[in-house]
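One structure below.
Numbers here simply count residues along the sequence, with the first being 1.
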Amino acid sequence: MHRSAGVAMAWNVFRFCTALRGLGSIMILLVLAIVGVTYYAVVLCNYGPALLLGGGATLAALAVLLLFHFLLAMLLWSYFSVVFTDPGSVPPNWNLDFDEERGETAPLSSSDFNSQMNPQQSMALGDTGNPRMRYCRKCNQLKPPRCHHCSVCGRCILKMDHHCVWVVNCVGALNYKYFLLFLFYTFLETTLVTLSLLPHFIAFFSDVEIPGTPSALATTFLTFVLNLAFSLSVLGFMIMHISLVSGNTTTIEAYEKKTSPRWMYDLGRKKNFAQVFGNDKKYWFIPAYSEEDLRRMPALQGLDYPVRTDLDGQEL
């Protein structure tokens with residue numbers, strides 16, 4: 001009975017993951033459709049025509065349109081950076097040598113690795129071995145620290161946070177910053193749209209005659225409701241991820257370490273922030289890294305993370 005229940009659960013998970021894979025470009029098209037409807041309502045129906053009114057109305061409309069297009073460009077840049085950037089895969093034949101005394105990691109050669117353990121021992125690492133030496137039975141390979149297997153992508157992802165259906169990709173070490181910027185610019189853009197369309201929304205419930213075609217009015221109403229809903233939901237999601245970044249934790253790790261009062265990768269807010277956004281301030285708000293940060297900060301590559309020296313022996 002327990003076996004049949006386990007098989008049924010595995011089958012349900014398989015169907016769910018298959019369904020997520022099947023969404024594919026549909027979610028990208030949905031995002032672009034929402035952007036298109038918003039653009040039509042803000043630019044073509046309301047603030048574009050307001051440029052012809054003259055006076056203060058023209059200046060206000062120009063300011064809204066300039067800010068709207070800037071935030072939209074940053075939003076789409078961040079979004080497609082998340083979509084098309086590999087979140088990070090385990091290099092072929094990757095191995096780990098962990099110096100517990102120094103708290104450092106370095107790759108082992110294949111001969112050194114084979115001399116230290118056999119395949120049976122490797123298979124047991126996921127349950128009883130060194131917590132920094134974990135083995136993925138689905139990929140048949142060792143997993144680096146903070147790496148997890150994604151059932152949707154069908155592979156191990158470096159510093160995996162979650163699989164996001166909106167970006168049709170995993171969020172991991174190499175695109176986590178881009179995902180956070182996508183949230184940030186989405187919140188700013190949807191908030192701007194909500195505030196700019198608020199007077200038009202209020203007018204729907206007044207006795208004032210509203211200019212425009214029925215389709216334009218309906219689109220404006222729908223756009224306001226959609227952007228208000230997205231701004232509130234993204235705000236909550238963004239606050240959660242700000243908390244995760246400040247503690248140098250992923251969504252998965254936050255669940256795994258919920259019983260642990262201290263976290264070995266928590267180096268302080270400033271260093272934790274740098275491990276996601278880099279040290280170069282010029283690159284903090286764009287989905288890219290400076291070459292110097294990529295060269296000097298191994299954590300940005302997703303394989304090597306410094307740990308706190310005051311927590312020797314603490315497990316992942």
Side-chain angles (χ1 to χ4, degrees), residues 12-48 64-65 67-89 150-155 157 160-172 174-194 196-197 200-201 212-238 240-241 251 286-288:
N12 289 333
V13 171
F14 172 77
R15 289 194 300 176
F16 176 72
C17 295
T18 303
L20 289 181
R21 293 192 195 103
L23 287 175
S25 58
I26 296 177
M27 297 304 297
I28 299 177
L29 294 176
L30 178 60
V31 170
L32 294 179
I34 295 173
V35 170
V37 170
T38 301
Y39 192 92
Y40 176 76
V42 174
V43 179
L44 300 181
C45 294
N46 292 285
Y47 285 91
V64 169
L65 289 175
L67 186 56
F68 174 85
H69 282 89
F70 170 75
L71 292 177
L72 180 61
M74 297 304 297
L75 185 159
L76 292 177
W77 184 11
S78 301
Y79 177 73
F80 285 109
S81 295
V82 184
V83 172
F84 294 114
T85 300
D86 191 304
S89 300
C150 176
S151 299
V152 180
C153 296
R155 60 192 175 106
I157 303 297
M160 178 179 172
D161 187 88
H162 69 289
H163 187 94
C164 181
V165 295
W166 288 100
V167 301
V168 200
N169 197 4
C170 259
V171 177
L174 305 187
N175 64 355
Y176 185 46
K177 173 189 174 182
Y178 310 156
F179 176 74
L180 295 179
L181 290 176
F182 169 57
L183 292 181
F184 177 68
Y185 288 116
T186 298
F187 171 71
L188 293 181
E189 179 79 330
T190 54
T191 300
L192 172 66
V193 172
T194 300
S196 62
L197 294 183
H200 304 274
F201 181 78
T213 63
S215 61
L217 296 178
T219 303
T220 299
F221 187 92
L222 175 64
T223 300
F224 174 85
V225 174
L226 279 176
N227 280 269
L228 176 61
F230 276 115
S231 64
L232 294 176
S233 59
V234 170
L235 175 61
F237 204 44
M238 191 168 60
M240 183 192 78
H241 278 280
T251 301
I286 63 174

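Looking at Val83 and Asn169, their side chains never come closer than 4.5 Å, going by heavy atoms from C-beta outward. In this structure, the side chains of Ile286 and Met74 come closer than 4.5 Å at one or more pairs of heavy atoms. Looking at heavy atoms from C-beta onward, Leu197 lies out of side-chain contact with Asn227 at the 4.5 angstrom threshold. Residues Thr191 and Phe187 have side chains in contact (heavy-atom distance under 4.5 Å, counting atoms from C-beta outward). In this structure the side chain of Trp77 never reaches within 4.5 angstrom of the side chain of Leu181, judged on heavy atoms. For the pair Thr190/Thr186, a side-chain contact is recorded, criterion being any heavy-atom separation below 4.5 Å from C-beta on.
Rounding to the nearest 0.5 angstrom, the gap separating the OG1 atom in Thr38 from the CD1 atom in Ile34 is 7.5 Å. For the atom pair CG (Leu65) and OG (Ser196), the distance works out to 9.0 Å, reported to the nearest 0.5 Å. Interatomic distance, Tyr176 OH to His162 NE2, rounded to the nearest 0.5 Å: 8.5 Å. To the nearest 0.5 Å, the span separating CG on Leu183 from NE2 on His241 amounts to 6.0 Å. Summarising the geometry, atom OH belonging to Tyr79 is positioned 5.0 Å from atom CD1 belonging to Ile28; distances are rounded to the nearest 0.5 Å. Between atom CG of residue Leu222 and atom OH of residue Tyr40 there is a gap of 12.0 Å, rounded to the nearest 0.5 Å.
Here the side chain of Asn175 pairs a donor or acceptor atom with the backbone of Cys170 at under 3.5 angstrom. For Lys177 (side chain) and Pro287 (main-chain N/O), no donor-acceptor pair under 3.5 Å exists by modelled atom type.
Taking the six-membered ring where tryptophan is involved, the planes of Phe224 and Phe201 are essentially parallel, since the angle between them stays under 30° and well short of 60°.
For the side-chain contact (heavy atoms from CB on, under 4.5 Å) test, residues two or more places apart in sequence or in another chain that qualify with Ser89 are Asp86, Arg155.
Of all heavy-atom pairs spanning Ile157 and Gly172, the tightest one is CG2-CA, 4.1 Å. Shown here for Leu228 and Thr194, the closest heavy-atom pair between the two residues is N-OG1, 3.3 Å. Closest of all the heavy-atom pairs between Leu67 and Glu189 is O-OE1, 4.5 Å. Of all non-hydrogen atoms in Val82 and Phe179, the two that sit nearest each other are CG2-N, 3.3 Å. Nearest heavy-atom pair across Gly88 and Leu174 is CA-CD1, 3.7 Å. Closest heavy-atom contact between Ser78 and Tyr185: OG-CD1, 3.7 Å.
With ring centers used as reference points, His69 lies under 6.0 Å from Tyr39.
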